[in-house]
Amino acid sequence: MARESDGEAPALMRLHVVAFGCQMSVADGGEMAGPLLARGFIPVKDSKDADAIVLNTCTVRQHAEDKALSMIGRLRAWKEADPDRVLIVSGCAAERLGGWIRERFPYVDLVVGAKSIEDYPRIVETALAAKFEMLRETREAFAAGGGAPAAPIGWSSPVVAPVTVMRGCNYSCSYCIVPRVRGREAYRPYEAVMAEVRAKAAAGAREILLLGQTVNSWRVVAGDGRQRRFADLLRATAAVDGVARVRFESPHPRFLDDELIAAFAETPAACDHIHMPVQSGSDRVLSRMRRNYTAASFLERIERLRAARPSIEVGTDIIVGFPSETDEDFERTLELVGRLKPATAYTFKYSPREGTEAAERTEDVPAQVKEERLARLNELCDGLTEDAMKARLGRTVEVLDETGGYGRARDAFRVKWETPAEPGRLRKVRITGTMKRTLLGECE
Ligand code: SAH
Ligand code: SF4
């Protein structure tokens with residue numbers, strides 16, 4: 001079953017990974033790729049060139065799900081051109097719609113849902129057993145040379161390394177499908193997380209991104225019998241040789257407690273950035289969303305964090321048009337944004353997800369009103385981003401070179417400069433201009 005290669009040694013098998021959705025989905029896509037990379041597949045950027053494709057799907061909003069499904073549809077021609085090609089569909093939409101995907105797209109080789117993530121390597125191995133000959137030959141071709149090093153796949157740069165610390169979610173925000181498709185919270189052991197951080201740092205990672213759906217709820221009893229909480233993990237990660245920066249995503253406001261705020265203040269390697277979704281500025285809506293905080297208590301947490309680390313920039317997520325949201329509620333959201341002053345905001349129109357509590361509600365906000373609110377909110381948020389970018393003109397910032405002349409500042413702003421380019425190096429860059437969402441600068 002090896003690809004034809006004019007009678008010479010079997011050609012290397014090429015793998016393309018595409019992930020929709022959040023950072024966790026991107027990291028999971030990389031994990032899905034693991035067993036194939038271990039067998040000698042080499043990563044390729046373009047799906048057209050691939051012999052195997054892993055498509056990690058998202059279902060958090062209808063739009064994200066539709067994008068993934070339409071890509072599966074488009075891959076029919078690619079798959080039918082050579083039935084030996086392998087198409088694996090994984091992730092959150094695969095969890096929600098597994099049976100339907102198998103029926104609707106019978107050419108998909110393997111559908112594996114997000115709840116089975118820990119089992120991915122075994123499932124992929126088993127499913128591909130039928131194609132084992134091809135894979136064995138691939139591995140031989142790889143061993144004979146020619147294979148590129150297995151760079152972290154789907155990730156922008158090997159110097160930024162994701163480390164998943166927990167999976168699932170124990171909350172029940174009324175609009176959200178995540179708990180259903182990802183299951184309840186499970187924390188990785190302290191030792192396993194630290195071993196992965198050390199291995200990735202030794203392999204050249206300078207920035208570690210700790211990942212989890214409510215990442216800062218992580219807590220475990222470690223092998224030494226002591227309880228470790230997320231603040232301990234942050235400190236321990238920052239102390240690993242070679243680690244210059246630590247970020248995390250997504251924190252839940254409930255666990256942005258004094259201990260974590262103190263850890264931020266004491267850990268210079270913790271980045272000047274936190275992305276914490278607020279969702280709405282109206283207490284009535286927040287209560288219907290079952291978020292368990294008020295606008296004032298959210299702001300109070302952030303203010304404490306800013307007091308402990310004045311250079312911190314805040315990012316957030318906001319939903320407009322949640323069922324029953326009135327003009328008055330929406331005004332509260334604008335007000336909150338004005339006080340929170342997020343440097344970045346991801347804004348979404350509410351999208352009903354089947355089986356969630358909010359999807360049962362009939363007081364839907366008309367599409368036109370959602371659209372208008374989104375436009376107003378975006379105008380406000382874009383203005384705040386622009387202000388934050390302009391404020392950086394003339395300043396010198398520390399940037400981690402991720403891909404050669406491009407990287408992120410400690411506050412997560414993207415920065416581009418001409419020379420020198422050396423991935424993995426921390427640079428001092430003087431900001432001289434802006435281009436869309438990117439700061440332009442000169443290396444000092
Ligand atoms: N775990 C994170 C959020 C994960 S989902 C947290 O609790 O903060 C990512 C974002 O998608 C959410 O912050 C929310 O803004 C948005 N989102 C989730 N469900 C949605 C829905 N049904 N409609 C619109 N946006 C939604
Ligand atoms: Fe969804 Fe809420 Fe859990 Fe975040 S905390 S993943 S929004 S249920």
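FYI, the numbering just counts along the sequence from 1. Indexing begins at 1, ligand by ligand and atom by atom, following the structure's order. Keep in mind that this is a model prediction, so the values were computed, not measured.
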Shortest heavy-atom approach to atom 25 (N) of ligand 1 - which of His275, His252, Met289, Arg61: Arg61
Closest protein heavy atom to atom 23 (N) of ligand 1, given as residue, atom name and distance to 0.1 Å: Ser351 N, 2.9 Å
May I ask you to identify the nearest protein heavy atom to atom 7 (S) of ligand 2, giving residue, atom name and distance to one decimal place in Å? Tyr175 OH, 3.3 Å
Looking only at non-hydrogen atoms, the one of Ile318, Val60, Thr356 nearest atom 5 (S) of ligand 1 is Val60
Using 30° and 60° as the class limits, which term best fits the ring planes of Tyr350 and Phe322: parallel, tilted or perpendicular? perpendicular
Residues Phe413 and Leu439: closest non-hydrogen pair is CB-CD1, 3.7 Å
Could you tell me the residue and atom name of the protein heavy atom closest to atom 15 (O) of ligand 1, and the distance to it rounded to 0.1 Å? Gln279 OE1, 2.7 Å
Close-contact set for ligand 2 against Cys173 heavy atoms, below 4.0 Å: 2 (Fe), 5 (S), 7 (S), 8 (S)
Do side-chain atoms of Lys200 reach the backbone of Pro162 as a donor and acceptor pair under 3.5 angstrom? yes
Which heavy atom of Val320 sits nearest a heavy atom of Arg373, and at what distance? CB-CB, 4.2 Å
Atoms of ligand 1 less than 4.0 Å from Pro277 heavy atoms? 6 (C), 8 (O), 13 (O)
Has Arg291 got any heavy atom lying under 4.0 angstrom from an atom of ligand 2? yes
Which segment of Arg291 sits under 4.0 Å of ligand 1 when only heavy atoms are counted: side chain
Under 4.0 Å from any heavy atom of Cys169, which atoms of ligand 2 are there? 3 (Fe), 5 (S), 6 (S), 8 (S)
Can you check side-chain hydrogen bond (donor to acceptor under 3.5 Å, both in side chains) on Arg437 and Thr344, steps first, answer last? CA-CA 10 Å; Arg437 295 281 167 122; Thr344 48; over 6 Å; no
Atom indices of ligand 2, in the order listed, that fall short of 4.0 Å to a heavy atom of Pro179: 8 (S)
Could you check whether the rings of Phe230 and Phe248 sit parallel, tilted or perpendicular, using 30° and 60° as the cut-offs? perpendicular
What is the distance from atom CZ of Arg182 to atom SG of Cys92, rounded to the nearest 0.5 Å? 4.0 Å
Does ligand 1 have a heavy atom under 4.0 Å from the side chain of Tyr175, from its backbone, from both, or from neither? both
For the side chain of Asp283 and the backbone of Ala295, is there at least one donor-acceptor N/O pair under 3.5 Å apart? yes
Classify the ring geometry of His275 against His273: parallel below 30°, tilted from 30° to 60°, perpendicular beyond 60°. tilted
N/O separation below 3.5 Å, Arg353 to ligand 1: no
Would you call Ile101 and Leu69 a side-chain contact if the rule is heavy atoms closer than 4.5 Å? yes
For Gln213, counting its heavy atoms only, list the atoms of ligand 2 lying under 4.0 Å from any of them. 6 (S)
Atom 24 (C) of ligand 1 [closest protein heavy-atom partner, distance rounded to 0.1 Å]: Lys349 O, 3.4 Å
With heavy atoms only and a cut-off of under 4.0 Å, state how Ser250 meets ligand 2: side chain, backbone, both or neither. neither
Taking C-beta and beyond as the side chain, do Arg284 and Ser324 meet within less than 4.5 Å on heavy atoms? yes
Region of Met276 that comes within reach of ligand 1 [heavy atoms, distance under 4.0 Å]: neither
What protein heavy atom sits nearest atom 1 (Fe) of ligand 2, and how far off is it? Cys176 SG, 2.3 Å
Heavy-atom pair with the smallest gap, counting every atom of Ile318 and Leu377: CG2-CD2, 3.5 Å
For Asp257, the option from Arg304, Arg229, Arg219 that meets salt bridge (Lys or Arg N to Asp or Glu O under 4.0 Å): Arg229
Please report which non-hydrogen protein atom sits nearest to atom 4 (C) of ligand 1, along with the residue it belongs to and the distance in Å to one decimal place. Gln213 NE2, 3.7 Å
How does Ile319 reach ligand 1, if at all, at less than 4.0 Å between non-hydrogen atoms: by side chain, backbone, both, or neither? side chain
Checking a contact table here: which protein heavy atom is nearest atom 13 (O) of ligand 1, and how many Å away? Asp317 OD2, 2.6 Å
